[in-house]
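So the structure is just underneath, and the comments pick up after that.
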Amino acid sequence: MGISLQKGQKVSLTKEKAGLNRVIIGLGWDEVERKRGFFAPKPTAIDCDTSALVLQDGKLKGKEDIVYFGNLKHHTGAIMHMGDNLTGAGAGDDEQIIVELSKIPEKYDKIILVVNIYDAYKRKQHFGMIKNAFIRLVDERDGKEVCRYNLSESYDNMTAMVFGEVYRHNGEWKFNAVGQGTQDEGLGQLAQRYT
């Protein structure tokens, strides 16, 4: 078991795991059981979508630097989304992004890891309807967790979340547990925060 982080806590990935290069970033969540009437239709499953915003000097420069279910691989080949999970059902990671730190060109300094609820406003869904949300970083070499951040706050009425960020500082790769909710309607609006 890796380091358990609190909101706002940072950890040096380089110092925690010597030679760390290929990192599996696993994100997960469960849907809260919703009450419904006997004859009411089954509620629509909550579809959470993970994305990585790859920044230069703290800014998102273009659409090609967004890795998500519609663009599974960053043009550098350093960041790859492993596919969309439409329901979040099952144990373990619901979605994963693999990052090869050594392949990330110097001009990129930060990867923001966000999750938004697909069609949240139309479906009247929010992160208050989600429980057990987490982000974890795993060393692909041995499958061991380097660190984990469990998002335990209440995120009622939040339709998107910044789970965490991997960033380069003085030649070291670090992770910051962010846990910031937003009311952005989708990935486009969320991405605009970084332009």
Side-chain angles (χ1 to χ4, degrees), residues 1-2 4-5 7 23-54 60 63 65-74 79-99 111-138 140 143 145 147-166 175 177-194:
M1 194 74 160
S4 182
L5 301 173
K7 184 174 185 172
V23 179
I24 300 167
I25 301 173
L27 299 98
W29 48 82
D30 294 315
E31 199 171 322
V32 172
E33 188 70 34
R34 291 183 265 172
K35 293 183 176 90
R36 60 187 176 109
F38 187 74
F39 293 105
K42 185 177 179 186
T44 305
I46 298 175
D47 178 9
C48 292
D49 294 321
T50 300
S51 306
L53 310 175
V54 190
L60 183 63
K63 288 190 304 188
D65 287 330
I66 302 174
V67 180
Y68 68 111
F69 67 84
N71 177 35
L72 293 174
K73 193 171 187 178
H74 192 258
I79 302 158
M80 190 165 41
H81 192 299
M82 300 310 292
D84 192 15
N85 178 335
L86 299 177
T87 66
D93 300 339
D94 290 309
E95 294 192 5
Q96 292 181 332
I97 292 177
I98 296 178
V99 178
I111 303 165
I112 308 288
L113 298 142
V114 299
V115 177
N116 66 286
I117 297 174
Y118 179 76
D119 270 349
Y121 283 93
K122 184 175 151 191
R123 296 177 177 188
K124 295 181 174 61
Q125 297 173 338
H126 56 83
F127 273 91
M129 303 163 95
I130 299 286
K131 64 180 180 176
N132 304 326
F134 68 86
I135 180 170
R136 67 190 195 116
L137 279 69
V138 174
E140 191 187 63
E145 206 171 86
C147 61
R148 173 186 285 259
Y149 170 44
N150 293 316
L151 288 80
S152 55
E153 292 180 27
S154 171
Y155 296 103
D156 280 350
N157 301 315
M158 298 297 159
T159 54
M161 292 282 302
V162 179
F163 273 46
E165 57 189 22
V166 174
F175 175 75
V178 178
Q180 176 191 347
T182 79
Q183 293 183 331
D184 294 317
E185 285 190 44
L187 179 57
Q189 198 175 23
L190 192 54
Q192 284 177 354
R193 291 176 173 269
Y194 299 97

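The analysis underlying the following values was restricted to heavy atoms, covering all of them including side chains, and did not include hydrogens, waters or symmetry mates. None of the values given here were measured: they were computed from a predicted structure.
- Scored by the side chain to side chain contact (heavy atoms under 4.5 Å, CB included) test, Asn71 finds Tyr68 as partners (sequence neighbours excluded).
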Residues 185-193 side chain polar contacts: donor-acceptor under 3.5 Å, at least two apart:
unit_1	atom_1	unit_2	atom_2	d
Gln189	OE1	Glu185	N	2.5
Arg193	NE	Asp184	OD2	2.7

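- Shown here for Val67 and Leu72, the closest heavy-atom pair between the two residues is CG1-O, 3.6 Å.
- Across Ile135 and Leu151, no two heavy atoms sit closer than the pair N-CD1, 4.3 Å.
- Applying the side chain to side chain donor-acceptor pair (under 3.5 Å) rule to Glu165 yields the partners Asn176; only residues at least two apart in sequence or on another chain are considered.
- Between the CD1 atom of Ile98 and the CE atom of Met82 there is a distance of 4.5 Å, given to the nearest 0.5 Å.
- For the residue pair Thr159 and Gln183, the shortest heavy atom distance occurs at OG1-C, 3.2 Å.
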_Verdict with supporting geometry, Phe175 and Leu5, side-chain contact (heavy atoms from CB on, under 4.5 Å)_ = CA-CA 10 Å; Phe175 175 75; Leu5 301 173; 3.5 Å; yes

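- To the nearest 0.5 Å, atoms OG1 (Thr182) and CE (Met161) are separated by 8.5 Å.
- Annotation: salt bridge (Lys or Arg N to Asp or Glu O under 4.0 Å) contacts of Lys7 (sequence neighbours excluded): Glu153.
- A search for side chain to side chain contact (heavy atoms under 4.5 Å, CB included) contacts involving Asn150 returns Phe134, Arg148, not counting sequence neighbours.
- Taking CH2 from Trp29 and CE from Met129, the interatomic distance works out to 16.0 Å, rounded to the nearest 0.5 Å.
- At least one side-chain heavy atom of Asp47 sits under 4.5 Å from a side-chain heavy atom of Arg123.
- Proximity of a side-chain donor or acceptor of Glu31 to a complementary backbone N or O of Ile46 within less than 3.5 Å is detected.
- Under the rule for a side chain to side chain donor-acceptor pair (under 3.5 Å), Asp119 has no partner lying at least two apart in sequence or in another chain.
- Note: Glu95 CD to Ile25 CD1 = 13.0 Å, rounded to the nearest 0.5 Å.
- We find the CG-OH distance between Asp49 and Tyr118 to be 8.5 Å, quoted to the nearest 0.5 Å.
- Around atom OH of Tyr194, more than 12 heavy atoms belonging to other residues, nucleotides or ligands sit under 6.0 Å away.
- Under a 3.5 Å cut-off, the side chain of His81 and the backbone N or O of Thr50 do form a donor-acceptor pair.
- Proximity of Leu113 to Ile97: side-chain heavy atoms (C-beta onward) are separated by under 4.5 Å at one or more points.
- Among all heavy-atom pairs drawn from Cys48 and Val115, the shortest one is CB-CG1, 3.7 Å.
- Using a 4.5 Å cut-off on side-chain heavy atoms (C-beta onward), Asp65 and His74 make contact.
- Residue Ile111 comes nearest to Ala52 through the heavy atom pair CG2-CB, 3.8 Å, listed as atom of the first residue, atom of the second, then distance.
- A pairwise comparison of heavy atoms in Asp94 and Gly28 identifies OD2-CA, 3.3 Å as the closest pair.
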